Amino acid sequence: MKRSQGFNVLHPMGWDAFGLPAEQYAIDTGNDPAEFTKKNIETFRRQINSLGFSYDWNREINTTDPSYYKWTQWIFIKMFEKGLAYEAEVPVNWCPALGTVLANEEVIDGLSERGGYPVYRVPMKQWMLKITAYADRLLDDLDLVDWPESIKEMQRHWIGKSVGASVTFKIKNSSSEFSVFTTRPDTLFGATYAVLAPELPLVKDIVASEQEAKVTAYIEASEKKSELNRTDLSKEKTGVFTGAYAINPVNGKEIQIWIADYVLSSYGTGAIMAVPAHDERDYEFAKTFNLEIIPVLEGGDILKEAFVGDGLHINSGFLDGLNKQEAIKEIVDWLEAKKVGKKETSYRLRDWLFSRQRYWGEPIPIIHWEDGTTTAVPEEELPLTLPVTKDIKPSGTGESPLANMTDWVAVTDPVTGKKGKRETNTMPQWAGSSWYYLRFIDPHNKKQLADPEKLKQWLPVEIYIGGAEHAVLHLLYARFWHKFLYDLGIVPTKEPFQKLYNQGMILGGNNEKMSKSRGNVVNPDSVVEKYGADTLRLYEMFMGPLDASIAWNENGLEGSRKFLDRVWRLLVDEDNKMRDRVTTFNDGKLTKAYHQTVKKVTEDYDQLHFNTAISQLMVFVNEAYKAEVLPYEYMEGFIQLLAPVAPHISEELWLKLGNKESLTHAAWPVYDPKELVEDKVEVVYQINGKVRGKEKVARDLSREQLEKAALTNESIQKVLFGLTIRKVVIVPNKLVNIVAN
RNA sequence: GCCCUGGUGGUGGAAUUGGUAGACACGAGGGACUUAAAAUCCCUUGGAACGCAAGUUUCGUGCAGGUUCAACUCCUGUCCGGGGCACCA
């Protein structure tokens, strides 16, 4: 439609084909992922073409193609140069029995999905991308885009900016100290114990000898739990006392230091001050382990539950009598003056764990030299390609299978003769998909990621249609990369996607997500063969709103086919000729319906409301069946309206009507608003809000005329008999509501 | 546990800012055409009660309240389904 309206439309298709499933299949079958990925892509391309989508295959891209991932690697090197890519020790799901690192989805209840072997969280050196450096911009620039509010909310929530303070606690009989982050520094007087995340290195330094056994056991147990697992167990609080005490800086009080897995090392400093009187989790924990609870805010009943509302401070020394806002300011000033804390902003967003211990991903273009230095592969050597192999085996050490390929791994500096090893981790699937929309704009460019002039012409992406499962991760990563490229002066816009729309899924007949393991997959090939591509397209669009998930149902499919047949018979007779009813003569009987249809369908398409657009097309066809003459002009317009959902039949009918050129180049039909103006409107008469009558009256009657018309209406008078009119509400051209008793 | 999202006839779903609930389609029922069937065309179709009938009354958008002349729509509470999650300290 947009093309027919004179817009220049970029409608490309690409393949994001790296990733775990392909790797698994390669390991299982001993095939080269590059080969079967190519075959699969060919199948998909054939199916897509059979449905008549007008993709521009000249712009096809494939994230696994070296000429594409050359630029993915190039972006990584730029990040590395800017200090945004760094190495850190991060826990992974290590499965000793399989000799490999597992993805979260491969771990079920602490055991590997394949084989059921135990899985441990162990630290491993990994590449990280510093997305947190962009946290504020990722948050603030959400205001620039036209996205559903719920998605923006999810991203805001994910970034999770919160303003509070850090407070430093000294440890009794020790030179160590630790900081906590709190959004409620004003409740510091109520801090009766502190909790550290079990994996914090400090724990081992401070644990008292008599508690050591218990603490070690607890740490080991929590290593086996994933973070999600920890949340699952949130109802029952667990934890162990370390035997150490911290000094509350505000009153010198000694408080116990515990470890518990409800405190995550990844958020804030991995340590909290617990104020059980005014935090629900701390309250539960304190109740479980019988720890002291001191209220520092007025209101609530700490015998029953934590009080999280606002109240005047009590038991809080110099904060007594202040409200939350005043007290926070006062205590932060105090902490800063005493140098035991300061105002601080914390984000829930963590840096992006960017490496995978896999073969089937973009190689990370980094060399580790024997002298301990680390450099990026020189730009002119890109792309750094994956070594071809049919024999992908786990390395056994937790490294990627690439570690086995010693020829590939070993490098020697041609100038100095220095020896080095290539990075064997590869990039996650998110990498290639974080910038592919840029490559579509200039897919064959050998010199740069894309021509700046072309980027300027096309960006930002006007509408991005994708699944809701990408609401946070993919869309946040892509925004991050885009902003980074903006800072490098490569892309001209701050945001990649102006408008966002989440399409729903078509579910299997049993109302579950289609998947091979559920056996409810519908292959488009068989549907296209039985009913035709147009029917499939029409039905998919007619099933319901684009953003809803709906179960597949073949009955409706027949209905869609019937409609298309009906359209055909409306215009074409048994001899396969255009019907005589289609003529240049216009008796005006279809005029209003036609203009209404053009208006509604055009507007609905614009908003992606395909189901209601199709229903309007059906209404028009029903009208047309009743009409004696079918004005040529209207029929042409109708076919154009139908074309986006059923291109094949539309094109054929278009030719039947005597056109020589394809309809894709014809201008989109327009409606005349004058034809839609009604001189009579139906007005509803209500009594006490209930419909008691309706009548067609002239348009734009005055309030007085409408009231009079209502009161003189026969059925209204009947109901009104014996009642006293209290009030009359009038909505011009719509209704009259008489309040009476 | 938290966050997001949804709940409308037998079914998929419509319904602008609060203003005629159920568009359109599927299914079902009836009729026409046919030797018959399929296909096609036409009619009926939210529930209940009343009526020979045209029709009338009444209930009805998960449930319970509230605001309003008027609520699928706004507010409060609650139940159920779907999706997400990293205990926001």
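Keep in mind the model is a prediction, meaning the values are calculated, not measured. Sequence lines set the chain letters: A, B, ... in the order given, protein chains first and strands last, and positions in each chain run from 1. Both backbone and side-chain heavy atoms feed into the values below; hydrogens, waters and symmetry mates do not.
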ask   = Base, sugar-phosphate alone, or nothing: which one does A:Val619 contact when heavy atoms must sit under 4.0 Å apart?
value = sugar-phosphate

key: Side chain of A:Arg350 - closest among B:C4, B:C42, B:A86   = B:A86

message = Any base atoms under 4.0 Å from A:Gln686, or only sugar-phosphate, or nothing? Heavy atoms, all strands.
response = base

query = Does the pair A:Phe610 and A:Tyr605 meet the rule for a ring pair (Phe, Tyr, Trp, His ring centres under 6.0 Å), with working shown?
reply = CA-CA 6 Å; A:Phe610 299 107; A:Tyr605 281 166; 5.7 Å; yes

request  = Please list all pairs passing the salt bridge (Lys or Arg N to Asp or Glu O under 4.0 Å) test where one or both residues lie in residues 603-615 of chain A, with sequence neighbours left out.
outcome  = A:Lys2-A:Asp606, A:Lys599-A:Glu603, A:Lys600-A:Asp604

ask   = What is the nucleic acid contact for A:Asn622, judged by heavy atoms within less than 4.0 Å: base, sugar-phosphate only, or nothing?
value = sugar-phosphate

inquiry  = By the 4.0 Å heavy-atom rule, please label A:Val739 as base, sugar-phosphate, or nothing.
reply    = sugar-phosphate

key: Closest listed nucleotide, where the reference is the side chain of A:Thr183 and the choices are B:A86, B:C24, B:A89   = B:A89

message = Below 30° counts as parallel, above 60° as perpendicular, anything between as tilted: where do the rings of A:His474 and A:Trp430 land?
response = parallel

ask   = Phosphate oxygens OP1/OP2 of B:U20: is one of them under 4.0 Å from a side-chain N or O of A:Asn737?
value = no

Atom-to-atom span, CE of A:Met541 to P of B:C26 - whole angstrom = 18 Å

request  = List in chain and number order the residues that pass salt bridge (charged side-chain N to carboxylate O under 4.0 Å, His left out) with A:Asp136, two or more places apart in sequence or in another chain; answer none if no residue qualifies.
outcome  = A:Lys161

query = Does a side-chain N or O from A:Arg569 land closer than 4.0 Å to OP1 or OP2 of B:A39, or not?
reply = no

task = Please confirm whether the backbone N or O of A:Gln429 pairs with a side-chain atom of A:Arg356, one donor and one acceptor, at under 3.5 Å?
result = no

query = Under 4.0 angstrom, heavy atoms only, what part of the nucleic acid is A:Lys562 near: base, sugar-phosphate, or nothing?
reply = sugar-phosphate

inquiry  = Mind checking if A:Phe563 touches a base, just sugar-phosphate, or nothing, with heavy atoms under 4.0 Å?
reply    = nothing

task = Step by step, work out the ring pair (Phe, Tyr, Trp, His ring centres under 6.0 Å) result for A:Tyr193 and A:Phe285.
result = CA-CA 10 Å; A:Tyr193 62 94; A:Phe285 191 83; 5.6 Å; yes

query = Would you say the side-chain atoms of A:Lys152 pair up with the backbone N or O of A:Leu142, donor to acceptor, closer than 3.5 Å?
reply = yes

request  = Indicate whether OP1 or OP2 belonging to B:A14 is found under 4.0 Å from a side-chain N or O atom of A:Asn611.
outcome  = yes

note = B:G55 glycosidic conformation (syn if within 90° of 0, otherwise anti) is anti

note = Per-residue pairing states of RNA chain B in dot-bracket (Watson-Crick or G-U under 3.5 Å; . unpaired, | other strand) read (((((((..(((......[....)))((((((.......))))))(((((....)))))..(((((..]....))))))))))))....

